[in-house]
Student: 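Provided herewith is a single structure, encoded as structure tokens, for subsequent inquiry.
Each chain gets a letter, A, B and so on, in the order the sequences are listed, and its residues count up from 1.
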Amino acid sequence: MIFAQARRNAIKLIGEKSSSFDLARGRMVFLSGAFALAYVLLAGRAVDLAVIQGHEAQPVEAAEAEQAPVVPFAAARGGIYDRNGVMLATTLKMASLYADPHLISDTDGTAKALAKIFPGLPEKDVLKKFQSEKRFIRIRRDVSPEQQDAVMLLGEPGLTFQREDRRVYPQGAMTAHVIGYADIDGKGLAGIERGFDKILREGKDIKLSIDIRLQHALRRETMKAMKDFHATGAAGLIMDVNNGEILAGASLPDFDPYAAGDAEKDRMFNRLTLGSYEFGSIFKIFSTAAYLEIFDAPLSRTFDASKPLTAGKFTINDYHAENRVLTIPEIFMHSSNIGTAMMGQAIGEMRLKKFYQDLGLTVSFAFDVPEMGRPSLPEPWREVNTLTASYGHGVTTTALHVAAAAATIANGGTRVTPTLRLLEKEPAKGDRVVSEKTSHRMRQLMRLVVADGTGSKADAPGYNVAGKTGTAEKNLNGRYDSKRLLSSFVGVFPANAPRYLVFIMVDEPKPNKESFGYATAGWVAAPAVARVVNSMAAVLGIPPEKSGAGNDISASLRQFVSAEAR
Amino acid sequence: MKKIRLRTLAVLGGACLTGALLLHASQNVQQTEDKLGALRASIEREREAIAVLNAEWAYLNNPARIEKLAKEYLDLVPPATGAIVSGAQEIPATPEPAAEEIMAPPQESAPAPQPVAFKLAKPSSPVSPAANSSGGDFSDLLRRLERGGAP
């Protein structure tokens, strides 16, 4: 019945108002057509995205997933590693506890609870912080996960955590002066941290030439020498003689890199690179090499060391004088100032200065560690300065300079540039400073010092150590103090084809019972070098060589050394 | 009328079906995105944990610490000079047994084996991983070590 009525109404529409019905119908058709078209387009796009581009996207997905995870807005500070990949410095994310005092309901109770969770944190300090007007105060840095859980359990909405970067030094004070330290904001303030600050900020890692095992051995023995002789300071260096890589570098006393800001100035002072000292007899390596190189003198040449040498109002004496005519090997092994000064006289001011310059001893240079000292030459240079400069007085330079120059003489005669960074490939040979012949003869002389001379305590059997002692009186306020010495020893091994250089210097050693009242380099620094060489051999697996005259390059020099007892 | 209703129904049904499928796909995408976000976060946490463990490994392998522990628990010391030789030929040969010992007559009867009492040695201080080794303050541990305390 109802359908019939509806039909009649529809027919009525068609009959009478068909035009408006047509219009309405037309509009509906148009609209539905438009919607249909829109949906068709959407469907087509969906198919396009899901099916067609889906097939293309598949291999990209896997690669993207590898690199996509969190590209940090600012890259974390790069790590510092030793030559074998041992971590020396790294950046870790540590949680720091922050508080919003306005949101803390019970300040006393919360302060008490926090003081209980953090043992080093006094309750009144926390309360003071809660009184502050600021909305965001740091309560504690470097919160461990257990402490974090404990704080969360307090249920205090005013306490929040933020993750911050923190510089961590797993080796602690062992590499203190080499690595240096960075401040809270990740800015390098000393050492490698400062020298390579830019690269580290970019997030790149740095590999040093340091070997942490050798670093430990060197620091241990240098510390022992310093403690045994109650010295005010000491420094040590292990260097590859051929390419200048520094395998270990220590300056004592050193500091805790986590508390560097509070350390005493003396601890922060880098005695290896910043301290400029008169090294005394160590310089005889350089002046003797200069003499041999310039004059190509036979080793049998003699100098009269029977009387002290006078130059103006200065008198040059020998320590434990031989009081006789000495050959060049004897001058070197007994460390005669008189003999060396005579050689220096023959070389002359100009040539001696130039030779020291060629060895790099006279100017400071840019190094991986920014704390560098300035060498100094006597100004004005008088005739007596040529004499004293030949045995290392009047001229100041840093330990690093001395080690590099000694390496230059010992490695065949080509200039060595010290580096703390691991070398990717062997560097080009440096400029030639002395001939191979001079270098070989210097090695023979240095071996003689250890085999039979002032450096006999530096001998490590089987490792053919060659070197030179240097006991310098320190110059304070223009006067030399015979009670304050700088005792050092530079050694290279194996003597016939040196690979490594070990340098140890001790600042103001005091004589002790075991050394029979001596604080000279032969008693203080040389034994430390021998111990370091033994440790190096064990760690690096260097097999010992047969000891004995057959293998001793100084054997051919014995003919120039008289067997006269002192 | 039946025809119209069937077509309408069909279209409506198709619309509902499409809507349902669309909703399903949209939910799927959202869930996958959430999963991806969670995975990325957990990867980042793992990376941080690895970094912490690497730093801890380096700290525990500090040569000074190893030397101290080796001396205390293993009685190891640096080798004496002459302890390292360059080849097998350097090792001294075992001495010959004395001639008398070989010529001695065998004993009447071997001595009866005595039961040996072994005393269980108590370790002085067992090496146990530090209580808060995972994420404890390195400087605290370092300071304790420098003072000569337990690792």
Student: Where does Arg531(A) contact chain B at under 4.5 Å (heavy atoms): side chain, backbone, both or neither?
Tutor: neither
Student: Just checking Tyr39(A): does its OH atom have more than 12 heavy atoms from other residues, nucleotides or ligands closer to it than 6.0 angstrom?
Tutor: no
Student: Looking at Arg25(A), I want to see if its CZ is surrounded by more than 12 non-hydrogen atoms of other residues, nucleotides or ligands under 6.0 Å.
Tutor: no
Student: Return the minimal non-hydrogen interatomic distance between Ala58(B) and Met87(A), and the atom names on each side.
Tutor: CB-CB, 3.7 Å
Student: Which bit of Ala538(A) comes within less than 4.5 Å of chain B, counting heavy atoms only: side chain, backbone, both or neither?
Tutor: both
Student: Taking all atoms of both residues into account, what is the closest heavy-atom pair of Ala64(B) and His216(A), and its distance?
Tutor: CA-CE1, 3.5 Å
Student: Met174(A) versus chain B, heavy atoms under 4.5 Å apart: side chain, backbone, both or neither?
Tutor: side chain
Student: Between CZ of Arg65(B) and CD of Gln171(A), what distance do you get to the nearest 0.5 Å?
Tutor: 11.5 Å
Student: Hey, are the side chains of Pro170(A) and Asn62(B) touching, using non-hydrogen atoms and a 4.5 Å cut-off?
Tutor: no
Student: For Thr90(A), is it the side chain, the backbone, both or neither that has a heavy atom under 4.5 Å from a heavy atom of chain B?
Tutor: side chain
Student: Give, as side chain, backbone, both or neither, the part of Leu92(A) having an atom under 4.5 angstrom from any heavy atom of chain B.
Tutor: side chain
